[in-house]
> 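Just dropping this structure here.
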Amino acid sequence: MSHQTVIVLDFGGQYNQLIARRVRECGVYCEVKPYTTPLAQLKAMEPIGLIFTGGPNSVYDEKAPHVDPAIFELGVPVLGICYGCQLMAHTLGGQVTAAQEDTAREYGKTETYYDTTCKLFKGLPEQGISWMSHGDYMAKVPEGFALTAHTDACPNVAIADEARGFYGVQYHPEVNHTQHGVDMIRNFLYEVCGAAGDWTMGDYKNTAIAAIREKVGDGKVLLALSGGVDSSVAAALLAEAVGKQLTCVFVDHGLMRLNEGDEVEAAFARWDINFVRVDAEARFLLKLAGESEPEHKRKIIGEEFIRVFEEEAKKIGRVDYLVQGTIYPDVIESGAGDAAVIKSHHNVGGLPDYVDFKEIIEPLRLLFKDEVRQLGRELGLPEYLVSRQPFPGPGLAIRIIGDITKEKADTLREADAIYREEIAAAGEDKNINQYFAVLTNTRSVGVMGDGRTYDYTLALRAVTTSDFMTADWARIPYDVLDRISTRIVNEVKGINRIVYDITSKPPATIEWE
């Protein structure tokens, strides 16, 4: 697959993935690479532009990350963001120091003034809010650079050497808090780098299908289908490419949401593939009996999933290729070189030893989650599957606090379904990025009719977020919450109290366990 490429060089910034997503949203393909990537490797990728991310370091510290100065001699435009801006200034002969009280230490939303004759700000308002997060100050900008944006406190919020295509901004244009930030990134891509905008999911689908057919030939392909968005889209892509050569093993562990297993099976009825659904509910519940510690639950379910999948794979016989739904954030977060490991992903970094096969195929490895959803639509998957909210691999097991029983799982399934139904009926599903119910391990006294009850408390969780790294609790209207509470208490046996979680992330996480 040949596309124009922009490289996002990561210096440890918290928004590195967000920068890459913004570039792709503008129709330009990009990859995130650690700052330690050799110059020859970067050059071989033939990028049309480079973006340096922010980072937690100070460029003048001895151990701060730096780049080979020759990177500025590649003849490729560069956009430096926050630390990336200061690194550019420092490397090219400027001076960066710790900000003093009367100079440029800025954090949060800041009124900013732009020189709209600069290509970066072409066609944009001369004034707007930007999102600052820097404690260092460019005391001297390099020769050849002009000041192109300022605030009341800082004269050099943005710098530009337009002759060489070098731009630096002290703020973060990639975050929603910066007004017209994405337009600034788009200007860099199209006005400076000369991007053609050749990154579309329709094109990706066609080229991916062709590449898969060429690789697989007449071989047999095996895929473990969890029912989540990633594995489902990977399965649809392989089904489109190789049809009957694909076997999908759908392990139904009995901890999915209401009717979810049937929905997954129905979604793949249109393709002529080998679809194997394994009813393993009793087996998983037996393994989980009496276990209440969340990490132990995850481990038990993960290991048992592998055992079931292994048994089914052995029935199939020879397998040439194993498909995994690895997506690009998995690759980035699992770390490479000196990059920090945010979290390890089971489907990155090694070949599983429980199936005998020649090679792994990861057809979504270059895609972000929103791109995976777009690809699913291109492939004709139903919207209920493509737009499915994030659902943890262990399923309801980590939305049931304490030990797990079939009765608890059924109770939570029913309550969660009512919650989702009422949210959709009120049109709030368009405003909320993730919402679900949690069956707590707390029981309390209640009164229903003339009788005393001693039943479980159900917690409702709903958040709004653009990237799932941070999230705010959703302001669901009281009348909607009232309908949800009334219906659940009246229709679901075993619940007599409803609470709503109004904690943001941080300090909380989105899931409870």
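In this chain, numbering begins with 1 at the start of the sequence shown. Computed over heavy atoms, backbone and side chain alike; hydrogens, waters and symmetry mates excluded.
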> Does this structure show an ion pair linking Arg318 with Asp320, if we count only N-O contacts that are shorter than 4.0 Å?
yes
> Which residue pairs pass the salt bridge (charged side-chain N to carboxylate O under 4.0 Å, His left out) test when at least one of the two sits in residues 385-398, sequence neighbours left out?
Glu260-Arg388, Glu263-Arg388
> Give a yes or no on whether a salt bridge exists between Lys369 and Asp230, defined as a side-chain N under 4.0 angstrom from a carboxylate O.
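Looking at Lys369 and Asp230, the cut-off is met.
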> Tell me whether the rings of Tyr435 and Tyr419 are parallel (<30°), tilted (30 to 60°) or perpendicular (>60°).
perpendicular
> May I have all residue pairs that pass salt bridge (charged side-chain N to carboxylate O under 4.0 Å, His left out) and include part of residues 371-381, sequence neighbours excluded?
Arg24-Glu371, Arg377-Glu383
> Checking salt bridge (charged side-chain N to carboxylate O under 4.0 Å, His left out) for the pair Glu311/Lys314: CA distance, chi angles, key distance, verdict?
CA-CA 5 Å; Glu311 291 169 14; Lys314 286 178 178 176; over 6 Å; no
> Output every pair passing ring-ring contact (aromatic ring centres under 6.0 Å, His included) with a member in residues 230-257, not counting sequence neighbours, ordered by first then second residue.
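Non-adjacent pairs meeting ring-ring contact (aromatic ring centres under 6.0 Å, His included): His253-Phe284.
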> Hey, would you say the Trp199 and His3 ring centroids sit under 6.0 Å apart?
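Yes, ring centres under 6.0 Å apart.
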> Given 3.5 Å as the limit, does a donor-acceptor pair link the side chain of Asp10 with the main chain of Val32, or not?
no
> Counting only heavy atoms not in Lys287, do more than 12 fall under 6.0 Å of its NZ?
no
> For Arg22, is there an ion pair with Glu25 - N to carboxylate O distance below 4.0 angstrom?
yes
> Output all residues satisfying side-chain contact (heavy atoms from CB on, under 4.5 Å) with Glu191, sequence neighbours left out; order by chain, then residue number.
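For Glu191, the residues satisfying side-chain contact (heavy atoms from CB on, under 4.5 Å) (neighbours in sequence not counted) are Lys119, Lys122, Asn187.
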> Angle class for the Phe72/Phe52 ring planes (parallel below 30°, perpendicular above 60°, tilted otherwise)?
perpendicular
> Mind jotting down which residue pairs meet the salt bridge (charged side-chain N to carboxylate O under 4.0 Å, His left out) criterion with at least one end in residues 211-227? Sequence neighbours excluded, please.
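Passing the test, one end in residues 211-227: Lys215-Glu359.
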> Report the residues that fulfil side chain to side chain donor-acceptor pair (under 3.5 Å) with Glu414, sequence neighbours left out, ordered by chain and then residue number.
none
> Do Leu42 and Leu9 come close enough that some side-chain heavy atom pair is under 4.5 Å?
yes
> Do you know which two heavy atoms are closest between Thr148 and Ile159, and how far apart they sit?
OG1-N, 3.7 Å
> Anything under 30° is parallel, anything over 60° is perpendicular, the rest tilted; go ahead and classify Phe305 against Phe309.
parallel
> How far apart are the closest heavy atoms of Ala267 and Trp271, and which atoms are they?
O-CZ3, 3.7 Å
> Nearest heavy-atom pair of Val229 and Leu385: which atoms, and what distance?
CG2-O, 3.6 Å
> Quick one: does Thr37's side chain have a donor or acceptor within less than 3.5 Å of a partner on Pro34's backbone?
yes
> Kindly give the heavy-atom pair with the smallest separation between Asp416 and Ala437, and that separation in Å.
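Nearest pair, atom of Asp416 first, then Ala437: OD1-N, 3.1 Å.
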> Determine the interplanar angle of the Tyr114 and Phe121 rings, folded into 0 to 90°, and report it as parallel if under 30°, tilted if 30 to 60°, perpendicular if over 60°.
tilted
